[in-house]
Visitor: 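Dumping the structure here so I can ask a few things about it.
Computation of the quantities below employed the complete heavy-atom set of this structure, encompassing side-chain atoms and omitting hydrogens, waters and symmetry-equivalent molecules.
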Amino acid sequence: LQKKLLLHLWENVSRAVKNGSQPQKSTADYFKTEMGKLLKYSRKPNGDIFIEMKDQQPITLTKRDMDHYSSVAYGLRTILALQQDVMFRTDIKLVLLDPAAISTLKAFLDIFTLAVLQRAQRSARLSNNYELSPGIFQKSWETLQHSVSPQQLAGTDFWTSPRPFAPLKPGDTSLKSKFSTIRQIITQKVSSYEAYNKISMQVFLRNLQVYFARHRWPADAETGRKFKALFTESMIDFAFESLKLSEEIAKKKNRRFIREEDVDRMWKAFVPFDVNEYEDVIFFPRLGRSGSLTIEAYDFDAFRDSGIHWLYLQSALKDHLRELSIEPDPFAAELLVEGIAQFGVLALRVAGMKAKEKGDDRLSVEHLTNALQDIQ
C-alpha cells in the first residue's frame, strides 16, 4: 500500500515537473502540492499533527508517536524499494529525488501510515477484535485517501516479470554491479552499526556466553579460534542457503526480485518457528513441549545489536554471487538477516545445551558440530 501510494504521488509529480511552467519550484514543493490533495494536515505548536477528515472524526498524532515512528526507516525503505523496482521498467519515468524531496516523502509516508494505524486500531477496538485484520487495515487506508480511489492507486504490477531471468554467466563484466542495491544496503548497515554501537569482540563474546550459548567460552585460544571459525563458516553457508531457497520460491512466481513473502515462506519450511506475543521465538513447534525450543526476544536483540548478521549475508554474497540470479528487495533483506540472526542464537544455544549434557565446563568445536547436526 505504501509503494502504491508513493508511485501515485511520484508519477503525478513527474508529470507536473515535465509540464511545469514554474522552473523555480522545487521537487519537494511539487510533492507537497500532490500530498495536499490526499491528506489535509497541520502541525500544532506542541509538535502534534492534526489531520482533517471528511465527515469523520479528525485524527491527532502526538509528537511522541511521530518521533518514535520516524526514528525507524520504514518510509526510506519504501522509497528505496520502489526505486529498485522502477529501475527495470522502461514504461515508467520518474523525476529524480533530491534530499529535500526524500525528506518530504518520508515525513508524509510516516504521517499517513500512523494515521491509518490509529484509525485501524480504533475500528478494531469498536468491533471487539483482538488483532488488526488485513481487512480493517485496508479499509482504514482507503478511508484516508480523500480524492483518490483504490482503482487509481492500483499502480503497476511490480511483483511478477514477463519472463524468467537466467543467472549471469561466469566472467560476465556486469558481475561487478550485480545486486548493487543490497550490497550498498549492507555496507551502510555495517557502518551504521559500528557508529551506533561501537561493539567490540569482547562484548560480543560476553553476550555469547551470557545470552546465546549460556555457557563459557573455550579456555585456550586455539580452541576458541576453531570454534569461531566453524561458527562463522556455518553462518555464511546458512545465509547463502537461505538466500538460495528464497530465490527458488521467487523464481516459481516469476518475480523480478525476492520479496518478503518469499523469505517468509522459506523460513517456515527451512527453520520452522512460531513467535509468541512477547516476540519470543519457538523453534520446531510441531515437536511439542519436549522437542521445541523457546528463545527469548532479548537474546536475539543482543545478537543483532552487533550487526554481525549483515556481515554474514555480505560474505555469502561475496562468496556465491555467481550462483545467484534474483536480488532481494530491501524488505526481504531485513527479514532474511533477522532469520540469520535467529539461527545464530539457536545454534549457539543448542551448543551450550550439548556442553551441559556432557558435563563440560566450556564450549568446544564438538559441541557446535553436534548442535548443527541436531538442528539439521
Visitor: Using atom types as modelled and distance alone, determine if a side-chain donor or acceptor of E34 lies under 3.5 Å from a backbone N or O of L9.
Guide: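 The answer is no, because no donor-acceptor pair under 3.5 Å joins these two groups.
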Visitor: Taking NZ, NE, NH1 and NH2 as the nitrogens, is one of them in K251 or D262 under 4.0 Å from a carboxylate oxygen of the other?
Guide: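 Not counted as a salt bridge, because no side-chain N and carboxylate O are separated by less than 4.0 Å.
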Visitor: For residues 369-376, dump all side-chain donor-acceptor pairs below 3.5 Å to protein atoms at least two apart in sequence or in another chain.
Guide:
| residue | atom | partner | partner atom | Å |
| --- | --- | --- | --- | --- |
| T369 | OG1 | V365 | O | 2.9 |
| N370 | ND2 | E366 | O | 3.3 |
| D374 | OD2 | K354 | NZ | 2.5 |

Visitor: Answer yes when D264 and R259 have at least one side-chain N-carboxylate O distance shorter than 4.0 Å, and no when they do not.
Guide: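 Not counted as a salt bridge, because no side-chain N and carboxylate O are separated by less than 4.0 Å.
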Visitor: For E261 and R255, what are the C-alpha separation, side-chain angles and deciding distance, and is it a salt bridge (Lys or Arg N to Asp or Glu O under 4.0 Å)?
Guide: CA-CA 11 Å; E261 176 191 343; R255 298 201 203 274; 3.2 Å; yes
Visitor: Between E327 and K178, does at least one N-O distance fall below 4.0 Å, as a salt bridge requires?
Guide: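 No.
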Visitor: Would you please say whether a donor-acceptor pair under 3.5 Å links the side chains of S26 and D29?
Guide: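 Yes, because at least one side-chain N or O of S26 sits under 3.5 Å from a partner of the opposite role on D29.
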Visitor: Kindly say whether Y278 contributes a backbone atom to a donor-acceptor pair with the side chain of N276 at under 3.5 angstrom?
Guide: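 Such a contact is found between N276 side chain and Y278 backbone.
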Visitor: Does a side chain donor of either K25 or T33 reach within less than 3.5 Å of an acceptor in the other side chain?
Guide: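 Yes, because at least one side-chain N or O of K25 sits under 3.5 Å from a partner of the opposite role on T33.
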Visitor: Centroid separation under 6.0 Å, is that true for the rings of F303 and F212?
Guide: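 Yes, close enough.
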Visitor: Run the salt-bridge test on K228 and E233 with the 4.0 Å N-O cut-off and return the result as yes or no.
Guide: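 No salt bridge links K228 with E233.
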Visitor: Looking at E142 and K139, does any basic side-chain N land under 4.0 Å from a carboxylate oxygen?
Guide: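 K139 and E142: not salt-bridged.
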Visitor: Does a side-chain N-to-carboxylate-O contact under 4.0 Å join E241 and K244?
Guide: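 The answer is no: the pair does not qualify as a salt bridge.
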Visitor: Between K4 and E11, does at least one N-O distance fall below 4.0 Å, as a salt bridge requires?
Guide: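 So K4 does not pair with E11 through a salt bridge.
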Visitor: Given the side-chain rings of F238 and Y312, with only the six-membered ring counted for Trp, is the space between their centroids under 6.0 Å?
Guide: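 Ring-ring flag for F238/Y312: false, centres at least 6.0 Å apart.
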Visitor: Would you call D85 and K3 a salt bridge, taking side-chain N to carboxylate O under 4.0 Å as the test?
Guide: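 Yes, this pair counts.
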Visitor: Can you see whether Q184 engages S180 through a side-chain donor-acceptor pair at a distance of less than 3.5 angstrom?
Guide: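 Their side chains do not contain a donor-acceptor pair, so the 3.5 Å distance test is not met.
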Visitor: Any side-chain heavy-atom pair from V275 and I282 closer than 4.5 angstrom?
Guide: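 Result no, sub-4.5 Å side-chain heavy-atom pair not found.
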Visitor: With under 30° as parallel and over 60° as perpendicular, where do the rings of W267 and F270 fit, or are they tilted in between?
Guide: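 Geometry flag for F270 against W267: parallel rings.
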Visitor: Should we say atom CG of L96 is surrounded by more than 12 heavy atoms from elsewhere, each under 6.0 Å from it?
Guide: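 Check fails, neighbour count at 12 or below.
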Visitor: Could you go through R64 and D48, starting from their C-alpha distance and side-chain angles, then the distance that decides it, and tell me whether this counts as salt bridge (Lys or Arg N to Asp or Glu O under 4.0 Å)?
Guide: CA-CA 8 Å; R64 179 199 60 206; D48 292 352; over 6 Å; no
Visitor: Indicate the ring-plane relationship of W141 and F137, choosing parallel, tilted or perpendicular according to the 30° and 60° boundaries.
Guide: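 Rings of W141 and F137: tilted, as their planes differ by 30° to 60°.
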Visitor: So for atom OH, which belongs to Y74, do other residues, nucleotides or ligands contribute more than 12 heavy atoms lying within a distance under 6.0 Å?
Guide: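 At most 12 heavy atoms, drawn from other residues, nucleotides or ligands, come within 6.0 Å of this atom.
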Visitor: So, do S246 and P328 sit near enough that their side-chain heavy atoms are less than 4.5 Å apart?
Guide: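 With C-beta onward as the side chain, the pair stays apart.
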